[in-house]
Amino acid sequence: MKYSGYIFSVLLPVLLSCSPAAADNRSDAEALKDKGNELFGKGNLDGAIDAFKKAIETDSTYAFAYNNLGIVLYEKGDYTGSVEQLRKAIILDASYGKAYNNLGNAFMAIGDFNGARVSFEESIRIEPGIAQKYDNLGNALYAVGEIDSAIVTYRKAIDIDSKLASAHSNLGVALQKKGNNDEAIKQFREAVTLDSRYISAYINLGIALFNDGKGDARRALEPLKTALKFEPENVLAIYNMSLIYLKAGDSKEAVKLLRKAVKPETADADLLYLFGVALKENKNDREAIKNFEQALAVDPGYKNAQAALELLKADKK
């Protein structure tokens, strides 16, 4: 049965006392949880997982240990395992707002956007007034296609905390989706003002400036260059910069940039295709063919790559 996001419980007799053994178990479990937190803070994820699991073995009713184990599994990329542990945390404590928020993040990672939405909404119901939770909920709403609701929710996050850079950047993405490019640019600019190392906001700003149709499109290169200054191998920044160079007729600069990004093991069909286009524009047909073929190896249904490849091969006959 598909998980609905709701937690069902039965009414149990109230526990009137706690035995000394149970109290000792909780104390030992808390010590193990604290050890796990310390190891997590030092970047020792495997050690933290072991400590949290031992805490659970010591006291199987300790919701904090399940929550923290879920967080570390998320950091390890085990999103399904994270969901499993976080569900256990909120079964044990249905008022655990942070665990619901963490569960929402894990659901987002596995692509269960409706589950994420329900989890974020429940977290906000339990603990309202936290800007990051509204930002998270906005992401879930955006993912399920409720763009107008996402915009309202991002604005709520900003009303609570006007310095939350991610809310400004995410609002910009949603506004751009609705065709409000000018307001999107303002939000992206605010995001990078608040966080000068916000790479995705710089990339989004560059895209928005390129799309606004006002003045020289090359001005869109500046925020993309800033993104690459902080993360020289960021594929999305490289892709968009190269596209701008191609649109401006500077295929040499596009080839130069893409050559740094495209490696033998590259499995990004769009990047391979764009490199092929840049090489073709730069009269390097032989290498262009190779990249179109690689793009098709990654994605056999890539129609543009197939068409470009057939055209080039026809010209060679």
Side-chain angles (χ1 to χ4, degrees), residues 3-110 112 115-137 139-140 157 160-161 164 166 195:
Y3 178 68
S4 66
Y6 295 99
I7 300 301
F8 298 94
S9 61
V10 295
L11 183 63
L12 297 175
V14 175
L15 297 178
L16 300 179
S17 63
C18 182
S19 68
D24 287 343
N25 286 349
R26 177 52 56 89
S27 178
D28 291 343
E30 286 179 350
L32 287 163
K33 181 261 293 178
D34 291 341
K35 180 182 178 182
N37 289 346
E38 181 182 353
L39 291 167
F40 180 62
K42 292 178 178 178
N44 185 348
L45 302 186
D46 290 331
I49 288 172
D50 184 59
F52 293 137
K53 284 183 176 179
K54 286 179 179 176
I56 291 167
E57 289 171 6
T58 303
D59 183 352
S60 62
T61 67
Y62 192 26
F64 285 173
Y66 289 101
N67 175 72
N68 291 6
L69 177 56
I71 291 171
V72 183
L73 290 171
Y74 181 95
E75 291 297 320
K76 287 273 289 184
D78 182 2
Y79 303 123
T80 301
S82 178
V83 167
E84 180 183 353
Q85 297 305 320
L86 291 164
R87 279 175 168 170
K88 291 177 181 177
I90 57 181
I91 287 171
L92 289 166
D93 183 356
S95 65
Y96 199 168
K98 290 183 177 63
Y100 274 106
N101 187 67
N102 294 330
L103 179 59
N105 288 328
F107 274 139
M108 289 290 289
I110 65 173
D112 184 352
R117 174 183 183 170
V118 171
S119 297
F120 290 137
E121 287 174 341
E122 186 65 10
S123 183
I124 289 170
R125 186 191 68 78
I126 295 167
E127 295 176 334
I130 299 174
Q132 186 62 63
K133 292 186 177 186
Y134 288 94
D135 191 23
N136 292 343
L137 175 57
N139 291 340
I160 295 170
D161 182 1
L164 185 60
S166 61
D195 182 354

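Source: prediction; values computed, not measured.
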Trainee: Within the 4.5 Å heavy-atom criterion, are I56 and Q85 side-chain neighbours or not?
Mentor: yes
Trainee: What heavy-atom pair brings G36 and A48 nearest, and what distance separates the two atoms?
Mentor: O-CB, 3.4 Å
Trainee: Is the shortest side-chain heavy-atom distance between Y62 and E30 below 4.5 Å?
Mentor: yes
Trainee: Between R87 and E84, is there a salt bridge with N-O shorter than 4.0 Å?
Mentor: no
Trainee: Mind checking whether Y79 and V83 have side chains closer than 4.5 Å, heavy atoms only?
Mentor: no
Trainee: Answer yes or no: is there an ion pair linking E121 with R125, defined by an N-O contact shorter than 4.0 Å?
Mentor: no
Trainee: Measure across A99 and I90 and return the closest heavy-atom pair with its distance rounded to 0.1 Å.
Mentor: CB-CG2, 3.5 Å
Trainee: Please give me the minimum heavy-atom distance between G70 and L86, naming the atom from each residue.
Mentor: CA-CG, 4.1 Å
Trainee: S95 and I126: which non-hydrogen atoms are nearest, and at how many Å?
Mentor: O-CG2, 3.3 Å
Trainee: Please report the interatomic distance OG(S166) to CG(N136), rounded to the nearest 0.5 Å.
Mentor: 7.5 Å
Trainee: Is it the case that more than 12 heavy atoms not belonging to F64 sit under 6.0 Å from its CZ atom?
Mentor: no
Trainee: Can you find a side-chain donor-acceptor pair between Y74 and N105 that sits under 3.5 Å?
Mentor: no
Trainee: Counting C-beta onward and ignoring hydrogens, is there a side-chain heavy-atom pair between F52 and L32 closer than 4.5 Å?
Mentor: no
Trainee: Could you tell me which non-hydrogen atom of N102 sits nearest to which non-hydrogen atom of I71, and how far apart they are?
Mentor: ND2-CD1, 3.5 Å
Trainee: If you round to the nearest 0.5 Å, how far is CG of L92 from CG of N67?
Mentor: 11.0 Å
Trainee: Are a donor atom and an acceptor atom from the side chains of T58 and D28 found within less than 3.5 Å of each other?
Mentor: no
Trainee: Name the one of D135, L137, I130 that satisfies side-chain contact (heavy atoms from CB on, under 4.5 Å) with K133?
Mentor: I130
Trainee: What are the two closest heavy atoms between A65 and A55, and how far apart are they?
Mentor: CB-CB, 4.0 Å
Trainee: Of N68, V72, N44, which is the lone residue that meets side-chain contact (heavy atoms from CB on, under 4.5 Å) with I49?
Mentor: V72
